[in-house]
Colleague: 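Below: one structure in structure tokens.
To find a chain, count down the sequence lines: A is the first, B the second, and so on, and within it residues start at 1.
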Amino acid sequence: MNPLPFPVPKDLAEAARIQKEMRERVIVAGDPVPVRYVAGLDASHPTRFSRQQGLSVAVAVLWDRQEQRVVEVAQAVLDAEKLFPYVPGFLSFREAPSYLAAVARLSRPPELLLVDGQGIAHPRGLGIAAHLGVHLDLPAIGVAKSLLYGKPQGQLPAEAGSAIPLLDRWGQPMGYIYRSRTGVQPLYVSPGHRVGLVESLEFVRSLPTKVRLPEPLRIAHIEAGKARRRSAEG
DNA sequence: GCGACAG
DNA sequence: ATCTTGTCGC
């Protein structure tokens with residue numbers, strides 16, 4: 001089963017047009033509570049500058065919620081720099097193609113994508129999690145480590161598990177700022193596709209979190225870094 | 001025109 | 001995102 005081709009725009013204007021079109025197909029509703037197999041997606045890139053030039057590595061970690069463990073790790077090596085530059089608000093055009101390749105290499109399709117980046121908490125409502133979700137027609141949730149767009153509603157408490165809404169330009173909630181553990185920087189959680197607003201937060205809360213990131217993403221991050229350095233040598 | 005700005 | 005060991009602090 002080959003995924004549909006992922007269009008890479010020639011410039012930012014075309015990219016924005018694609019985002020606006022695809023945003024209309026996003027469904028912010030659905031409850032992933034029964035989902036068993038989750039794909040945690042993260043990528044590692046070489047520094048433009050320093051000694052090793054290397055390539056980028058994207059990793060898909062297949063997480064079994066029932067057994068609470070990783071059951072498979074798939075990766076894709078790619079030259080992200082040649083695809084598209086990193087421009088805030090347009091991350092998916094740089095990273096999504098490699099995620100699609102990694103997901104395609106899993107022995108079974110995941111039931112939900114957990115992506116390192118925004119869902120609909122995005123200037124045009126289509127962060128990378130939403131983009132991937134719509135492209136693959138899979139439930140998806142975005143978990144970012146910093147803010148791209150939006151205003152917090154109130155002050156986030158210090159307690160683990162606390163969350164406050166993240167508001168769009170019209171004051172409507174599009175996600176949450178979420179403190180997964182006490183004493184750590186918060187996460188930015190928003191629905192990507194086929195998941196409700198509240199449900200996106202509840203799902204992330206249901207995942208084991210030993211440190212800051214939920215396990216599927218923490219492990220994907222580690223695996224991506226290891227794989228990239230590994231492929232940057234022998 | 002001035003900030004803000006996922007990875 | 002990445003360059004990087006030890007070290008400060010709860």
Colleague: Roughly how many Å is it from OH in A/Tyr149 to C1' in B/dC5, rounded to a whole number?
Modeller: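 In whole Å, B/dC5 C1' and A/Tyr149 OH are 13 Å from each other.
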
Colleague: When you check the gap from the basic side-chain N to the acidic O, do A/Lys145 and A/Asp116 get nearer than 4.0 Å?
Modeller: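 Salt bridge: yes.
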
Colleague: Describe, in one word, how the ring planes of A/Phe84 and A/Phe93 are oriented to each other, choosing from parallel (under 30°), tilted (30 to 60°) and perpendicular (over 60°).
Modeller: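 Ring orientation of A/Phe84 relative to A/Phe93: tilted.
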
Colleague: Compare all side-chain heavy atoms of A/Ile120 with those of A/Leu126 and state whether any distance is below 4.5 angstrom.
Modeller: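 No, their side chains stay 4.5 Å or more apart.
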
Colleague: Within this structure, what is the NZ-to-C1' distance between A/Lys145 and C/dT2, rounded to whole angstrom?
Modeller: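 Going from NZ in A/Lys145 over to C1' in C/dT2 covers 12 Å.
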
Colleague: Could you tell me whether A/Phe90 contacts a base, only the sugar-phosphate backbone, or nothing, with contacts defined as non-hydrogen atoms closer than 4.0 Å?
Modeller: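 Base: the residue A/Phe90, judged by heavy atoms under 4.0 Å, touches a nucleobase.
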
Colleague: Can you tell which of C/dC3, B/dG7, B/dC5 lies closest to the side chain of A/Asp42?
Modeller: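 Shortest atom-to-atom distance from the side chain points to B/dG7.
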
Colleague: Name the stems that DNA chain C belongs to, where each is three or more consecutive Watson-Crick or G-U pairs with both distances under 3.5 Å?
Modeller: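 Stem segments: none to report.
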
Colleague: With heavy atoms under 4.0 Å as the rule, sort A/Ile128 into base, sugar-phosphate or nothing.
Modeller: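 Since a base atom lies under 4.0 Å of A/Ile128, the category is base.
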
Colleague: Categorize A/His131 for me: base, sugar-phosphate, or nothing, with a 4.0 angstrom heavy-atom threshold over every strand shown.
Modeller: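 Nothing, no heavy atom under 4.0 Å.
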
Colleague: In whole angstroms, how far is the C1' atom of B/dA6 from the CG atom of A/Asp116?
Modeller: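 It is 8 Å, rounded to the nearest whole Å.
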
Colleague: Regarding A/Gly225, tell me which of base, sugar-phosphate or nothing describes its non-hydrogen contacts under 4.0 Å with the strands shown.
Modeller: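 No contact.
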
Colleague: What is the distance, rounded to the nearest whole Å, between atom CZ of A/Arg228 and atom C1' of C/dC3?
Modeller: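 Whole-Å distance recorded here is 10 Å.
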
Colleague: Without decimals, in angstroms, what is the distance between A/Arg169 CZ and B/dA4 P?
Modeller: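 Roughly 17 Å, once rounded to whole Å.
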
Colleague: Give a yes/no verdict on base stacking between B/dA6 and A/Tyr188: centres under 5.5 Å, planes within less than 30° of parallel.
Modeller: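 No; by the centre-distance and plane-angle rule, A/Tyr188 does not count as stacking on B/dA6.
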
Colleague: What integer distance in Å separates A/Glu95:CD from B/dA6:C1'?
Modeller: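 In whole Å, B/dA6 C1' and A/Glu95 CD are 9 Å from each other.
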
Colleague: If you check every side-chain atom of A/Leu148, which of C/dA1, C/dC3, B/dA6 has the closest atom?
Modeller: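 So the nucleotide nearest the side chain must be B/dA6.
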
Colleague: Given side chains that start at C-beta, do those of A/Ser92 and A/Leu132 come closer than 4.5 Å, heavy atoms only?
Modeller: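 Of all side-chain heavy-atom pairs linking A/Leu132 with A/Ser92, none is under 4.5 Å.
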
Colleague: Closer than 4.0 angstrom, basic N to acidic O: yes or no for A/Arg218 and A/Asp42?
Modeller: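 No, this pair does not count.
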
Colleague: Within less than 4.0 Å of OP1 or OP2 of C/dT2, is there a side-chain N or O belonging to A/Ser44?
Modeller: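 So the side chain of A/Ser44 is within the cut-off, an N or O lying under 4.0 Å from OP1 or OP2 of C/dT2.
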
Colleague: Verify the distance criterion only: is there a donor paired with an acceptor across the side chains of A/Ser107 and A/Glu72 at less than 3.5 Å?
Modeller: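 Distance-only check passes for A/Ser107 and A/Glu72.
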
Colleague: B/dA6 C1' sits how many Å from A/Leu132 CG, rounded?
Modeller: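 My rounded result for the distance is 13 Å.
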
Colleague: Without decimals, in angstroms, what is the distance between A/Leu91 CG and B/dC5 C1'?
Modeller: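 So the CG-C1' distance, A/Leu91 to B/dC5, works out to 12 Å.
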
Colleague: When you measure from the side-chain N and O atoms of A/Thr47 to the phosphate of C/dA1, is any distance below 4.0 Å, counting only OP1 and OP2?
Modeller: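 For C/dA1, OP1/OP2 do not have a side-chain N/O of A/Thr47 under 4.0 Å.
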
Colleague: Less than 4.0 Å between a side-chain N and a carboxylate O, is that true for A/Arg94 and A/Glu81?
Modeller: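 Yes, A/Glu81 and A/Arg94 are salt-bridged.
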
